[in-house]
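The chain is numbered in sequence order, starting from 1. Ligands are counted one by one from 1 in listed order, and the atoms in each one are counted from 1 as well.
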Amino acid sequence: MDELGLCLVTDRTQTRGRDLAAVVGECLAAGLPAVQVREKDLGASDLAFLCRRLVGPVRDAQAMLVVNDRVDVALAVGADAVQRTHTSLPVDDIRAIAGGRLRIGVSVHSLEGAVDAELKGADWVTYGPIYDTPSKRPYGAPQGLERLATVARGLRIPVIAIGGITPERVKEVRAAGARGVAVISAILTADSPATATRRFLAELA
Ligand code: TZP
């Protein structure tokens with residue numbers, strides 16, 4: 001599976017009390033190709049501790065480890081990539097710090113943001129929310145499939161769709177031009193995160 005095909009984005013508050021590292025391990029064993037550690041409330045030390053619990057299983061599965069926002073933590077734990085958000089260091093600074101040691105994903109919410117990220121040297125953009133999703137309601141209406149298609153057409157780098165993605169929606173977001181999908185709740189809150197992962201992978205195949 002293409003490592004950009006399916007990325008589990010973490011939120012340890014959504015695991016229904018299960019240990020996040022155990023849930024991620026189960027998903028990796030099911031074939032998950034990428035994990036983005038996104039725990040906004042953790043400081044650098046706790047974030048690095050969590051990432052280090054995940055590095056071994058991620059490596060064993062030959063998957064990709066992405067750290068949200070923190071280029072320092074990404075480098076310290078030997079991650080593969082950093083995911084830039086609108087409050088992160090600019091792509092130029094990330095590149096200056098990380099050199100060729102990290103790939104850079106950029107979270108964007110508009111065509112302009114996506115084009116700018118590509119120009120600055122992003123390796124991919126994550127665009128969304130495509131569908132309604134509770135955590136993003138305060139920021140307005142979802143982007144929808146048509147805008148996703150416009151962004152995908154306007155870029156050369158891969159576009160990853162995020163926000164309200166379920167296995168049932170994979171085919172239409174791919175048809176709109178997304179290279180892959182990034183998912184929180186449809187995997188983390190599932191009765192069986194491994195089964196949910198397999199359902200995504202089957203739709204992506
Ligand atoms: N960025 C855009 S939507 C979103 C993020 C982090 C939340 C995605 O969560 P879910 O549960 O997969 O809709």
For ligand 1, run through the N/O pairs with the protein that fall under 3.5 Å and put one pair on each line.
from	atom 1	to	atom 2	distance (Å)
ligand 1	11 (O)	Ser185	N	2.9
ligand 1	11 (O)	Ser185	OG	2.5
ligand 1	12 (O)	Ile184	N	2.9
ligand 1	13 (O)	Thr133	OG1	2.5
ligand 1	13 (O)	Gly164	N	2.7

Pairs meeting criterion side chain to side chain donor-acceptor pair (under 3.5 Å) with involvement of residues 138-151, two or more places apart: Tyr127-Gln143, Gln143-Arg147
Name the atoms and distances for all side-chain donor-acceptor pairs under 3.5 Å in residues 72-82, with sequence neighbours left out.
from	atom 1	to	atom 2	distance (Å)
Asp72	OD1	Arg70	NE	3.0
Asp72	OD2	Arg70	NH2	2.8
Asp80	OD1	Arg59	NH2	3.3
Asp80	OD2	Arg59	NH1	3.3
Asp80	OD2	Arg59	NH2	3.3
Asp80	OD2	Leu65	N	2.7

Arg179 bridged to Glu3 by N-O distance under 4.0 Å: no
Main-chain N/O of Lys136 paired to Thr133 side chain as donor or acceptor, under 3.5 Å: no
N/O donor to acceptor pairs below 3.5 angstrom from side-chain atoms of residues 31-42, sequence neighbours left out:
from	atom 1	to	atom 2	distance (Å)
Gln36	OE1	Asn68	ND2	2.7
Glu39	OE1	Arg12	N	3.1
Glu39	OE1	Arg12	NH1	2.8
Glu39	OE2	Thr10	OG1	2.7
Glu39	OE2	Asp11	N	3.3
Glu39	OE2	Arg12	N	3.0
Lys40	NZ	Asn68	OD1	3.3
Asp41	OD1	Arg12	NH1	2.9
Asp41	OD2	Arg12	NH2	2.9

NZ/NE/NH1/NH2 to OD/OE distance under 4.0 Å, Asp19 and Arg53: yes
